[in-house]
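This report concerns only the one structure given below.
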Number of protein chains: 2
Amino acid sequence: MSLKHGLLGLLNYGSMTGYELDKIFRDSLSFFWQAKTSQIYRELDTMECHGWLTSERIIQNDKPNKRVYTITDSGKEELGNWLSMPESDIANAMRVKSAFLMRVFFAGETSTEQSLEMLRTYREKCMEASKGMSAAYDAISKYRTVVGNDEKSKYWRIAALYGDAFIHAGLTWADKAIAVLEEK
Amino acid sequence: MSLKHGLLGLLNYGSMTGYELDKIFRDSLSFFWQAKTSQIYRELDTMECHGWLTSERIIQNDKPNKRVYTITDSGKEELGNWLSMPESDIANAMRVKSAFLMRVFFAGETSTEQSLEMLRTYREKCMEASKGMSAAYDAISKYRTVVGNDEKSKYWRIAALYGDAFIHAGLTWADKAIAVLEEK
DNA sequence: GTGTTATACTCAACTTGTTGAATATGACAC
DNA sequence: GTGTCATATTCAACAAGTTGAGTATAACAC
């Protein structure tokens with residue numbers, strides 16, 4: 001249900017269109033949650049049916065018409081419940097689901113050279129992601145001025161710190177793994 | 001498609017029942033891929049339809065009858081293709097999907113005390129997971145003797161190292177995050 | 001006037017994953 | 001003879017996520 005709650009969280013900052021929500025997801029939440037445009041619109045529909053949102057059609061002359069979504073009291077309540085829900089998805093948070101690691105696990109079926117190649121590619125992706133983090137921090141600064149709340153942006157920074165920590169862990173792991181395979 | 005490939009990887013070690021596959025998933029792959037029993041049986045069905053597996057019904061006297069699955073040449077080919085498939089899910093591997101981090105991101109809506117509570121719980125789960133890793137290493141030793149291949153178990157260790165690295169990163173992140181919230 | 005980009009949204013088919021119950025056998029303990 | 005555990009599998013309904021194409025408007029540059 002977390003996509004729904006992510007959307008509620010964003011709409012709690014202010015009313016928005018599906019298009020804007022989609023962009024913010026890509027810009028800033030995509031590090032820890034990804035959603036396709038089509039899924040976002042679908043979820044907005046069902047959330048409106050639940051009564052968590054209302055929507056209003058805005059006629060525009062310079063651009064295509066749009067639909068602006070606004071969170072309702074019932075939506076705010078739902079968001080609050082989700083935020084204070086304990087345990088269950090903290091346990092969930094520990095869960096990794098990685099096709100890549102599954103490949104590492106079974107890489108004994110291929111050659112050492114191929115496995116090293118894979119790990120080196122992973123290492124490079126970590127380096128790229130590491131550079132990309134500055135964009136995330138930029139996005140945080142940008143949206144902080146929009147939302148105008150430093151207390152909230154503190155939590156965004158904490159989430160970004162998670163990104164840094166895990167990218168760094170990925171790098172050092174890759175180095176260690178490469179070393180294990182290279183030793184003879 | 002990774003559950004299918006995980007099952008192929010295990011069946012490549014030797015023929016097994018759905019029940020055994022389910023247990024091995026829980027024992028050793030669950031760190032990076034989780035699947036429900038019912039899903040495993042469903043996937044085995046569709047994989048047999050693809051011709052990646054054959055199955056044989058074994059009549060037992062002391063226990064309920066069982067169905068033993070065996071990987072076919074076509075299945076081995078599929079496994080090989082998946083293992084040498086580049087890029088695509090290395091990029092995927094970088095992706096985190098965490099409802100917990102989403103909650104951190106929006107935790108500004110709740111009190112600092114509640115947020116700290118959440119982070120402390122996370123920290124504890126990391127500690128638990130850290131202890132649980134030794135069980136994973138035990139499982140590796142146990143299955144190494146079953147599979148009888150040290151070269152392969154090398155990769156299992158590498159996967160386990162990933163677990164260690166990420167649990168450790170989670171711990172230090174949680175400490176940092178708690179420090180950020182506690183500073184006034 | 002042509003191509004590109006940004007805006008704005010919709011749809012359908014499909015695969016994957018979750019929930020949770022249901023069924024059945026035989027061993028072993030008390 | 002009752003209860004529990006380990007073995008072994010099946011089913012159905014539902015929720016979530018993916019793929020990929022399709023539709024449309026208007027600004028801006030060249």
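In the text below, chain A, chain B and the rest are named by the order of the sequence lines, each starting its count at 1. Only this structure's heavy atoms are used, side chains among them; waters, hydrogens and symmetry mates stay out. These numbers come from a predicted model, not from an experiment.
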Close residues, residues 46-59 of chain B, relative to DNA chain C [heavy-atom separation under 4.0 Å]: none

Interface residues of residues 17-30 of chain A with DNA chain C (non-hydrogen, below 4.0 angstrom):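 Residues of residues 17-30 of chain A under 4.0 Å from DNA chain C: A/T17, A/G18, A/Y19, A/K23.
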
Under 3.5 Å, which N/O atoms of the protein pair with N/O atoms of nucleotides 13-17 of chain D?
from: D/dA16; atom 1: OP1; to: A/M1; atom 2: N; distance (Å): 3.4
from: D/dA16; atom 1: OP2; to: A/K4; atom 2: NZ; distance (Å): 3.0
from: D/dG17; atom 1: OP2; to: A/Q39; atom 2: NE2; distance (Å): 2.9
from: D/dG17; atom 1: N7; to: A/R42; atom 2: NH2; distance (Å): 3.3
from: D/dG17; atom 1: O6; to: A/R42; atom 2: NH2; distance (Å): 3.0

Would you list the pairs meeting ring-ring contact (aromatic ring centres under 6.0 Å, His included) in which at least one residue belongs to residues 26-47 of chain B, sequence neighbours left out?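 Passing the test, one end in residues 26-47 of chain B: A/F105-B/F32.
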
Contacts of type salt bridge (Lys or Arg N to Asp or Glu O under 4.0 Å), residue A/R123, not counting sequence neighbours: A/D175

If the condition is salt bridge (Lys or Arg N to Asp or Glu O under 4.0 Å), which residues does A/E113 pass it with, not counting sequence neighbours?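 Partners of A/E113 by the salt bridge (Lys or Arg N to Asp or Glu O under 4.0 Å) criterion, ordered by chain and then number, come out as A/R120.
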
Not counting sequence neighbours, which residues clear side-chain hydrogen bond (donor to acceptor under 3.5 Å, both in side chains) with [X]? List them please.
{"X": "B/D164", "answer": "B/Y137"}
{"X": "A/T17", "answer": "A/E20"}
{"X": "A/S38", "answer": "none"}

Please write out each protein N/O paired with an N/O of nucleotides 27-30 of chain D under 3.5 Å, distance rounded to 0.1 Å.
none

Among all residues two or more places apart in sequence or in another chain, which pass the side chain to side chain contact (heavy atoms under 4.5 Å, CB included) test with A/S74? A/W52, A/T72

What residues, two or more places apart in sequence or in another chain, satisfy ring-ring contact (aromatic ring centres under 6.0 Å, His included) together with A/Y162?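 Once residues adjacent in sequence are excluded, the partners of A/Y162 under the ring-ring contact (aromatic ring centres under 6.0 Å, His included) criterion are A/F166, B/W173.
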
